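Residue numbering restarts at 1 for every chain, and letters A, B, ... go by the order of the sequence lines. Since we're looking at a predicted model, the values are computed, not measured.
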There are 2 protein chains.
Amino acid sequence: MRVEVISTVNEARADRIHHRTAIVIDVLRATSTIVAALDAGVAGIIPSETVMEARALQRPGDIMAGERFGRKIAGFELGNSPGDFNTSAYKGKRIILTTTNGTRALQKALRAEAILAGSLTNASACAAAAARYGRDIVILCAGSHDEFALEDGLCAGLLIDRLQANSTNPIDMDDFGAAMLGLYHNSANRAVQTLLASTTGKRLSKLGFGEDIERCALIDSSITVPRLQGDMLITGS
Amino acid sequence: MRVEVISTVNEARADRIHHRTAIVIDVLRATSTIVAALDAGVAGIIPSETVMEARALQRPGDIMAGERFGRKIAGFELGNSPGDFNTSAYKGKRIILTTTNGTRALQKALRAEAILAGSLTNASACAAAAARYGRDIVILCAGSHDEFALEDGLCAGLLIDRLQANSTNPIDMDDFGAAMLGLYHNSANRAVQTLLASTTGKRLSKLGFGEDIERCALIDSSITVPRLQGDMLITGS
């Protein structure tokens with residue numbers, strides 16, 4: 001199996017995604033929030049690139065969630081915090097989610113055979129699910145405003161570590177994947193510190209989202225693997 | 001001091017280079033060869049992007065060196081091996097060097113205030129020289145055919161490690177720099193193995209350049225810091 005890692009949404013060329021299983025990562029915070037929402041029993045999450053599109057998608061009963069530059073969107077019920085789903089209030093509801101980078105990355109992955117959402121919180125389950133598809137895998141790091149994001153790279157390395165652990169054959173990876181695996185091996189026991197040291201982590205800390213960062217750093221705290229079906233992320237396997 | 005790392009030549013936007021000290025890295029093999037050539041006493045190395053331009057630059061007595069896809073260019077005296085300079089035959093000569101990725105990266109860095117060539121072999125000396133300029137630093141990884149190259153990332157991390165060690169204040173780095181520092185810390189004692197596992201390393205091994213790889217992996221084996229002056233790389237400080 002071949003595993004390639006794309007460093008930012010910007011670098012996502014269609015030919016690197018086509019015919020593969022794509023794992024989209026936005027650790028801080030979209031994909032971590034998506035995992036938390038499904039763990040809380042929502043029916044599904046519909047990612048949307050723009051606020052206008054999000055509003056157009058809303059049907060009665062849907063919950064609007066999202067952020068721009070870390071802050072909740074005016075008029076929306078929820079922001080982009082996994083902690084927003086520490087409640088059963090949204091059970092069975094559809095969530096319309098628009099975020100700065102993560103939803104754009106999901107859109108970019110649309111040409112893949114299957115699209116999963118990966119985070120530190122569901123890494124082992126996500127790697128196992130991706131391997132079961134039996135195709136080559138492309139890991140798409142959302143990044144932040146077209147720049148590489150440390151926390152997404154850490155998660156890419158973690159996913160490759162888990163793919164390797166579960167594979168009988170050696171994993172063939174590209175140089176960027178090998179670098180992220182090295183980064184993960186160097187930081188495996190310091191996930192929170194690594195997230196706090198990242199550009200997005202620093203910004204979120206300043207905005208008062210320190211709890212989100214701690215929650216997003218809880219490696220393998222969930223076994224939920226969000227999978228895109230049509231236009232909605234649901235619990236898949 | 002701020003240190004940023006650019007992952008490939010392709011990503012090198014002018015605004016990230018302007019007003020900074022640039023360290024250009026092409027571990028396999030251009031910048032390693034340039035260090036070896038200056039150690040062997042050549043007068044200087046003139047990097048050239050194309051074979052045609054290289055031929056046009058040649059004056060009587062100049063030595064033509066270069067490769068395309070790892071192989072020596074037809075009619076040129078030398079390829080792109082540091083081992084080519086295990087001789088005093090080229091002492092005082094000008095070398096015209098054209099390579100697939102490294103010389104392009106040097107051209108891309110032209111807007112910087114000062115341009116140094118970095119490799120694993122001169123990392124400590126190069127970091128110290130860059131710090132002496134007192135400006136922010138941008139590390140430009142040449143990469144290979146517009147893709148990130150593991151060996152260049154390893155060298156970027158090593159340079160940041162050395163910059164940190166010599167700095168009284170903490171280094172402010174971008175997320176990609178932090179990732180490369182993590183990669184270096186994970187691989188510090190396995191430089192040869194890391195180079196051999198890289199895409200370019202595997203290709204060079206197949207072409208019979210295993211000795212080059214071992215030589216390029218000798219961390220801090222030189223104190224020579226190539227610096228671009230006009231159109232020529234000379235021994236600078």
### Message
Is the shortest side-chain heavy-atom distance between B:S48 and B:L97 below 4.5 Å?
### Response
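B:S48 vs B:L97: side chains apart.
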Pick from [options] with the largest number of heavy-atom pairs that fall under 4.5 Å of chain A:
options: B:L154, B:D174, B:T200, B:L183; result: B:L183
options: B:S198, B:S144, B:S187; result: B:S198
options: B:G177, B:G143, B:A149, B:G153; result: B:A149

Under-4.0 Å salt bridge between [X] and [Y]:
X: B:E113; Y: B:R135; result: yes
X: B:R13; Y: B:E11; result: no
X: B:R29; Y: B:E151; result: no

### Query
Side chain, backbone, both or neither: which part of B:T199 has a non-hydrogen atom closer than 4.5 Å to chain A?
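For B:T199, the contact with chain A is made by backbone and side chain together.
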